[in-house]
Each structure stands twice: as C-alpha cells, then as structure tokens.
S.K.: 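Let me give you the structure first, and then I'll get to my questions.
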Amino acid sequence: MIKITFPDGSVKEFEPGISSLEIAEQISPRLAGEVYAATVNNEVRDLTRPIYADASLVLHKWDDEPARHAFWHSSAHLMAEALESIYPGIKFGIGPAIENGFYYDVDPGDGRVITDADLPAIEKKMKELAAENLKFTRREVSKKEAMDIFTAKGDEYKTELIGELEDGSITLYTQGNFTDLCRGPHLPSTAPIRAIKLLNVAGAYWRGNEKNKMLTRIYGITYPKQKLLDDYLVFLEEARKRDHRRIGRELELFTFSPHVGMGLPLWMPKGAELRQNLIDFMTRILKKRGYQIVTTPHIGNVNLYKTSGHYEKYGKDSFQPMATPQEGEQFMLKPMNCPHHCEIYNAKPHSYKDLPFRMAEFGTVYRYEQSGELHGLTRVRSFTQDDAHHFCRHDQLKEEFKSIIDLVQFIFKAVNLNEYSAQISLRDPDNREKYIGSDENWEKAENAIIEAAGEKELETTVVPGEAAFYGPKLDFMVKDAIGRKWQLGTIQVDYNLPERFDLTYNGSDNQKHRPVMIHRAIFGSLERFIAVLIENTAGKFPLWLAPEKAVVLPISEKFNDYARKVFDFLNNSDICTLIDERSEKIGKKIRDNELKRIPYLLIIGNNEAVNETVSVRRQGEGDRGTMKPEEFADLVRKEIAGEITF
RNA sequence: GCCGAUGUAGCUCAGUUGGUCAGAGCAGCUGAUUUGUAAUCUGCAGGUCGGGGGUUCGAAUCCCUUCAUCGGCUCCA
C-alpha cells in the first residue's frame, strides 16, 4: 500500500498504481466529477496518471488555476481535432491555455483562410466531438519516433519544436483521431467540455517572430457548464460598455480626427478639465516632495538625440527630422524629455550637497507607433508624460527609489486604483556584456530596487533579463476593462545618459563624480492613465477629478431664477456646476444627468425656492436630503479634501 | 508593419438573392406642456450608404483600390 497525503494533512492508504481520479472516486463520486487535474508531489499531472509511491496529492476543482489550465488546454486539442476534420492537412503551431480560455495557432495551408464566419462550424464540430467522450491518452515516445510521426504528417511546425526537445522527455497526447505533441496535463476525456465559444481569429507570427510566417490564431473559451459561459459572455459585454473609447465619446472627453491624424488625441473641454485636474494635483504633490518643475521645447536638435543614443536606436522608426529652411539644421519632435533635462542639469555646476536634484515636467512627446498599434488613448503618437528625473549619488539610490515607490502608492490610492501589479526587471545574468555600466553598480542598483520595494511592502515579481540596457527598472501595470495589461508607472535606473552627457558633480573630496539618473513616470502618460481610469471607474470619477461637480435641476421653469442663483453661487465658490433649464420633467433631467455621470444633482422646486435650499442627489446613490447651498458647497469641499490629501 | 473583420444621419443600428431601400430609435431644432427624484407629447430637419475606380440597363448591396476603425501578432526609448 502507498500513503497519500492530502492538503489538510490527512493520510490515507491506497493500492499502488491507483490514479488521482480513482482516489477522488473513492472519496466521493461527486468529487470525481468536479476535479480536472491533480498536483502530485508538487507536479501538476493528468488525473489518470497512476501513482506508485507515497505522495502528496491536491485534487483541483474548477476554481483552481491548474484545473482550468488542463480544461482549456484540452479544449485547444479538441478544437485542433475539429479543425483537422474540417480542414484536412491543416498544420499546427502551438495551442496553449491562457488566462481566459485558450488559442491554437494553425496554418490552414493551400491558400485556405479561416475567418470569423467559419467559427460556428468549428464550434459545432467541437461539440459533437466532446459529446463522444473521447479519452485523452498519454504516451512517452523517443525523439525519433515523435519526429517520424510529425514528418509523416508533414507538420513542419511540430517537427521544429521536437527538434529542440530533449530525447526522453517527449510525450504525445491522443484523443479520438487527433494526436498532438504535448507536455500535458489533460482532462481524462472530452466529456466535461460542455459549453464552447470560439471568440475570434487573429494573425500571429510563428514563434512570435515577425520574420516568420504568419499563422492563424483562433481564440476560444470553454466551460463545464453553460451558465459559466453565459456569465463570461455577459461580463465581456459589460466590459465593452466600460471601454474608454466609448465613454470618452459619450462624456465628450476626447476625440480623434482623420484630418489631424491617427493616434493624435484631441482633448475636448471636459477631457481637458479632467486632465488639468490631474496635472494640478500632481504638481502640488511634486512641490511638496522636493521636485522642481521645468519646461522644455517640443523639438530638439537631432544631435541631442545622437548624443543620447536614441537616434541610433530609434531614429529610423521615428517621425523624421525636419530641417530649418536657411541653415538646414535638423530638428526632431522630441520622443522623450530626458536629453533636455540632462542639458538643464549641465547648465550649472553641481555639488554633492545639491543632490538629489529632482526635475519634473509634464512633457509632451511624439513617437511613431506603427499603425496597427494605435489603440484609443492607450497607444497614441502624441502623449504627455508626467516625467521626472532624479539626479543623485549612488548612495542615495535606494532612498530615492523608496520615495518614488511611496509616491506611486500615494497617487494610485488617491485615484482609487487598487489593483495593480509591479515588476522588477533585472539584467540577464548570462548576458552581462549587453549592458552598460559596471558590475558593481548594477549589483548595487538591483539590490537597491529589491530592498526599496521590500521596505515599502510592495508586492513584486522579479524578472531577470527584462532590464533596459542602461539599467534595471520597476514597472507598474494595471488592467483595462477586459483584462488587458497596460504599463503605467515606471522607475528606471540609468547609467548611460550621465556618461553620454558627461554629467558630473563635485564630491566632498573636491573631485568630479558621475551622478546616477533615475527616470520615473507615475501616470506614465496622461493619455493612457486617463484611459485606464475611465475603464476602472466606468466614467464615474472621484469627485475631485470630475470635470463638473454638480448640475442644478429646476423642476419647472418657474424656479429657473432661484436655480440660477444657486448655479452662480456654486460657480463663484469654485465648484464647477451646470444648470439644466430645459422644459423637461424632473425624471428626464435626472436620467440624462445621471448618464452624464455628474456627481451631484441639485433639485430645485417650490420648497427649495421658498426655503432657499437645494435637494441633493448623489450620482448612483440617490436622495441625500435638502440643505443650504453653502452647506452643499462645504460638503463638496469636505468630500474632495477626504479624497485627496497632500 | 502583418493577419482577419468592419465602415449606412452626431450616436446605436435595420436595409432579404443588385430593382420605390435611403429607414428607425436616441441626440438636435419647432411648438405644446410647467412638471418632485432614471425617458411628456407634436412637428421638422439631418446621410452623394468612408473615399476613388470598375462590372451592370440599374450598386448601400458584386469586384478592385485607398483611408479609417476593431480583434490579435510584432514593436513600445
């Protein structure tokens, strides 16, 4: 007998060779129907794999990620089988499970094209196959055998993959008439895959390399119950309503015009107000935190970017330099602010006592993003960074980092952005020569970042090899309405620019020393930040950010005079207020202004006019009772003060 | 840039196999109504069906091309 240890610490004995599924069945047949994968001795495996020795066992139900992973990975194989039956000779790339569902990259061959219109037929075939309760069987094969199988099939993508695998570690999975090279694990059979939805098709380069052939990627999602699928589709539908492009238009925040150019956002009055609120807020904080604001031009001599090295690296892919008419000098639209800031640093000598020098600018930069990249406000060709550079001594690096992390946490909290992730990017330990700067400095900088994050209790994932060539960095990521990740804030150590611009300071030893530079943005770009903010709030901004704080709604035109007095009073009190004097019923006015996400609706009828009060209704909540206009103004000021403290 | 899809009034969408197919709702403007916490009623106006070519007796509808947008891939200083 073998001893199996369960997550709760209990131990039970079973016959050697028993599978996880059989164990589940012995515990309860119902449990067996709800588990999709097992972790045996910390390795996720097929439920059907036999266990021969003492082991720890975790059975995974749908709520566990490994269960969904096996479920969706199996679904990808199911889709592949359906595809092969509909498109004989189709070739397969890779088909993994992803965060929400799965995809498979395929080469239909023969000039065949798979489009959205073909998805229902594939879906139908999948359902038929799933209902056949096809068993997934695992087989270990030699490299040669695997190679022979896929060579015979003529699938050069699989043979390419097999060529890179080590002999002895290759497994195949078969269900029905379909066999795939695969590490697994898989479901015992196709039967649990009951609800199936293929979502979309897209092009994807083989192995993610744009020099390779473009394959057709089909995205899908499956569930063990139709209800779960329906819920997911409803979620997607709801998320689309929060799309910042849609809300931006509805709330008249921003627009794009083909006459101005793609990827060049035009901020409408309300959007500009929102933007300005963010800038004012940030500026006040920066001043409190020892930053000095600078302003630099939108263009710079091309030689500036040659000095910085950016011209060499990105010049060809940028908006091209423009020449002056007489002297023929070359200027570029500035793709970043740092070279300008380095020149400001160099405008006067610095003492070690002056450092850190924190220089900030809301700098608008221009980058040529490929046409297919443009995406609402999140990916544009003109955007404003809340950029800053800290010029400091090496011994100040960690403290500077901590101060910036603290600032990021403070700002994100102020805008109610509570779900974000942080990633520390270090250099590739096997490839040190591609980085600039001494080993010693790198080591210090990397440790400074890791320690700073630790001391600020910031949860991070550390990714070696992702650092920029000029220094390690810490990035902050948030998700949009449908779960796509976008990078917002970034903190980057830079050893490169101080060298290139020959930045120095006088040390206590009266020698010249090289400062270290930290690039840092918190919003990242105002455009992207506002996009994320819109999607996270569905346009219901915190009061301090809302372009308009209140709207006065007279119940009939008889009360317009008093309504106007309230309107004037509030605007004179610096509370941006609207008035709705249309001859509509109050229900209609409330509805329209609720949809415009105006935070406060002030209803004024006979009672209010006589008593000189306003009836306050909070957006999304309802009636808050009546009060004097002065009291309402106080309420607004207090609420804002509660939202943001400096 | 690459693959696929889409493009009809400010917005959301109808327009069957090419033949009164240029429509609806909302928004806008008229007029009536004077309203108590999420949609009052009437009338009017609004589109060379993204642009340009072509096929046809006839094109929103079919073909080509171009622009833009959407979903991905690649890229992202």
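Every heavy atom of this structure was used, including side-chain atoms; hydrogens, water molecules and symmetry mates were not. Every chain is numbered from 1 and lettered A, B, ... according to where its sequence line falls, protein lines coming before strand lines.
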S.K.: What nucleotide, of B:G72, B:A38, B:U35, holds the atom closest to the side chain of A:Ile555?
M.R.: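 Of B:G72, B:A38, B:U35, B:U35 is nearest to the side chain of A:Ile555.
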S.K.: Between B:U48 and B:C29, how many Å separate the two C1' atoms, rounded to a whole number?
M.R.: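 Between the two C1' atoms, the distance is 24 Å.
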S.K.: Nearest to the side chain of A:Ser615 - B:U37, B:A77, B:U35?
M.R.: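 Closest of the options to the side chain of A:Ser615: B:U37.
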S.K.: Would you indicate what A:Arg217 reaches in the nucleic acid, counting non-hydrogen atoms under 4.0 angstrom: base, sugar-phosphate, or nothing?
M.R.: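 Sugar-phosphate: the residue A:Arg217, judged by heavy atoms under 4.0 Å, touches backbone atoms but no base.
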S.K.: Nearest to the A:Gln370 side chain among B:A38, B:C75, B:C2, which nucleotide is it?
M.R.: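 For A:Gln370, the side-chain atoms sit closest to B:C75.
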S.K.: Strictly by Watson-Crick or wobble contacts shorter than 3.5 Å, is anything paired with B:C2, and which nucleotide is it?
M.R.: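 Across all strands, the one nucleotide that pairs with B:C2 is B:G72.
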S.K.: Specify whether A:His375 and A:Trp486 have parallel, tilted or perpendicular ring planes, treating 30° as the upper limit for parallel and 60° as the lower limit for perpendicular.
M.R.: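 Ring orientation of A:His375 relative to A:Trp486: tilted.
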S.K.: If I pick the C1' atom on B:U6 and the same atom on B:G46, what distance separates them, to the nearest angstrom?
M.R.: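 Each nucleotide's C1' atom is 24 Å from the other's.
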S.K.: Give the residues of residues 246-267 of chain A touching RNA chain B, defined as any heavy atom closer than 4.0 Å, sorted by residue number.
M.R.: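 Those residues whose heavy atoms fall under 4.0 Å from RNA chain B, taken from residues 246-267 of chain A in numerical order, are A:Arg249, A:Met262.
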S.K.: Please state whether the rings of A:His244 and A:Phe254 are parallel, tilted or perpendicular, taking 30° and 60° as the class boundaries.
M.R.: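 Geometry flag for A:Phe254 against A:His244: tilted rings.
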S.K.: Under 4.0 Å, heavy atoms only, any strand: does A:Asn607 hit a base, just the sugar-phosphate, or nothing?
M.R.: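 Result for A:Asn607 = base.
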S.K.: Can you classify the ring geometry of A:His298 versus A:Tyr366 as parallel (below 30°), tilted (30 to 60°) or perpendicular (above 60°)?
M.R.: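 Rings of A:His298 and A:Tyr366: tilted, 30 to 60°.
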S.K.: Run A:Tyr104 and A:Phe92 through ring-ring contact (aromatic ring centres under 6.0 Å, His included) and show every step you take.
M.R.: CA-CA 8 Å; A:Tyr104 219 123; A:Phe92 296 96; 5.2 Å; yes
S.K.: Please state the C1' separation for the pair B:G18 and B:G71 - nearest whole angstrom.
M.R.: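 Each nucleotide's C1' atom is 31 Å from the other's.
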S.K.: What interatomic distance, in whole Å, is found between C1' of B:U16 and the corresponding atom of B:A60?
M.R.: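 That atom pair is separated by 14 Å.
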S.K.: In whole Å, what is the span from the CZ atom of A:Arg379 to the P atom of B:U74?
M.R.: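 Rounding to the nearest Å, CZ of A:Arg379 and P of B:U74 are 12 Å apart.
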S.K.: According to a strict under-4.0 Å criterion, is A:Arg245 in side-chain N/O contact with OP1 or OP2 of B:U69?
M.R.: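 Answer no for this pair, as no side-chain N or O of A:Arg245 is under 4.0 Å from OP1 or OP2.
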S.K.: A:Phe559 has an atom CZ; how far is it from atom P of B:U34, in whole Å?
M.R.: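 Spelled out: CZ on A:Phe559 to P on B:U34 is 12 Å.
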S.K.: Determine, stepwise, if the pair A:Phe102 / A:Tyr219 fulfils ring-ring contact (aromatic ring centres under 6.0 Å, His included).
M.R.: CA-CA 6 Å; A:Phe102 58 91; A:Tyr219 285 90; 9.1 Å; no
S.K.: What's the closest nucleotide to the A:Glu557 side chain, out of B:U74, B:U34, B:G72?
M.R.: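 Closest nucleotide to the A:Glu557 side chain: B:U34.
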S.K.: Can you tell which of B:C73, B:G71, B:A77 lies closest to the side chain of A:Ala204?
M.R.: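 Nearest listed nucleotide: B:C73.
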S.K.: Report the residue (A:Tyr314 or A:Leu595) whose heavy-atom-nearest nucleotide on RNA chain B is the more 5′ of the two.
M.R.: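 Looking at the nearest nucleotide for each, A:Leu595 comes out on the 5' side.
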S.K.: Does B:G7 have a Watson-Crick or wobble partner in any strand here, with both distances under 3.5 angstrom, and which is it?
M.R.: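 Answer to the pairing question: B:C67, which forms a Watson-Crick or G-U pair with B:G7.
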S.K.: Would you mind classifying the nucleic acid contact of A:Gly208 as base, sugar-phosphate or nothing, using non-hydrogen atoms under 4.0 angstrom?
M.R.: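 It contacts sugar-phosphate atoms only.
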S.K.: May I ask which nucleotide in the shown strands pairs with B:G31, Watson-Crick or G-U wobble, both distances under 3.5 Å?
M.R.: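 Base partner found: B:C41.
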S.K.: Counting the atoms with a prime plus P, OP1 and OP2 as sugar-phosphate, which does A:Ser308 contact under 4.0 Å by heavy atoms, base, sugar-phosphate, or nothing?
M.R.: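 No contact at all - A:Ser308 keeps every heavy atom at 4.0 Å or more from the nucleic acid.
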S.K.: Within the modelled atom types, does a donor on one side and an acceptor on the other bring the side chain of A:Ser556 and the base of B:U33 under 3.5 Å apart?
M.R.: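 By the distance-only test, no, there is no pair.
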S.K.: Sticking with atom P, work out how far B:A22 lies from B:C41, rounded to a whole angstrom.
M.R.: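 Between the two P atoms, the distance is 30 Å.
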S.K.: Among the candidates B:G36, B:G4, B:G72, find the nucleotide nearest to the side-chain atoms of A:Asp116.
M.R.: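 Output: B:G4.
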S.K.: Could you tell me how far B:U61 sits from B:G25 if I compare only their P atoms? Round to whole Å.
M.R.: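 The same atom, P, in both gives a distance of 25 Å.
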S.K.: If you find the nucleotide of RNA chain B closest to A:Glu210 and the one closest to A:Met336, which residue's nucleotide is nearer the 5' end?
M.R.: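 Nearest nucleotide further toward 5': that of A:Glu210.
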S.K.: Any strand is fair game: report the nucleotide pairing with B:G18 by Watson-Crick or G-U wobble, both distances under 3.5 Å, or none.
M.R.: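 Answer to the pairing question: none, since B:G18 forms no Watson-Crick or G-U pair.
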S.K.: Pick the C1' atom in B:A77 and in B:A38, then give their distance to the nearest Å.
M.R.: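 So the two C1' atoms sit 48 Å from each other.
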S.K.: Return the nearest nucleotide to the side chain of A:Ile603; candidates are B:G36, B:G1, B:G4.
M.R.: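 My answer, after comparing the listed nucleotides, is B:G36.
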S.K.: Give me the residues of residues 579-589 of chain A where at least one heavy atom lies under 4.0 Å from an atom of RNA chain B, by number, or none.
M.R.: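 Nucleic-acid contacts, sorted: A:Ser583, A:Glu584, A:Lys585, A:Ile586, A:Gly587, A:Lys588.
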S.K.: Under 6.0 Å between the ring centres of A:Phe501 and A:Tyr345?
M.R.: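 No; A:Tyr345 has its ring centre 6.0 Å or more from that of A:Phe501.
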S.K.: Would A:Lys334 and A:Thr296 count as having a side-chain donor-acceptor pair, cut-off 3.5 Å?
M.R.: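 There is such a pair (donor and acceptor under 3.5 Å, judged by atom type) between the side chains of A:Lys334 and A:Thr296.
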S.K.: Would you measure the distance from the C1' atom in B:U74 across to the matching atom in B:G4 and give it in whole Å?
M.R.: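 My reading of the C1' atoms in B:U74 and B:G4 gives 16 Å.
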S.K.: Taking the six-membered ring for Trp, is the centroid-to-centroid distance between A:Tyr311 and A:Tyr305 below 6.0 Å?
M.R.: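 Centroid distance A:Tyr311-A:Tyr305: not below 6.0 Å, so no.
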S.K.: Could you check whether the rings of A:Tyr232 and A:Tyr223 sit parallel, tilted or perpendicular, using 30° and 60° as the cut-offs?
M.R.: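 Because their plane-to-plane angle lies in the 30° to 60° range, the rings of A:Tyr232 and A:Tyr223 count as tilted.
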S.K.: Whether the A:Arg207 and A:Tyr205 side chains hold a donor-acceptor pair (N or O, under 3.5 Å, no angle test) is what I'd like checked.
M.R.: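 Judged by distance alone, the side chains do not pair up.
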S.K.: If you check every side-chain atom of A:Val201, which of B:U35, B:G4, B:G71 has the closest atom?
M.R.: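 Closest of the options to the side chain of A:Val201: B:G4.
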S.K.: Of A:Leu497, A:Leu503, A:Val493, which meets side-chain contact (heavy atoms from CB on, under 4.5 Å) against A:Val516?
M.R.: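 For A:Val516, the side-chain contact (heavy atoms from CB on, under 4.5 Å) check succeeds only for A:Val493.
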S.K.: Mind checking whether A:His73 and A:His69 have parallel, tilted or perpendicular rings, split at 30° and 60°?
M.R.: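 Judged by the thresholds at 30° and 60°, the geometry between A:His73 and A:His69 is perpendicular.
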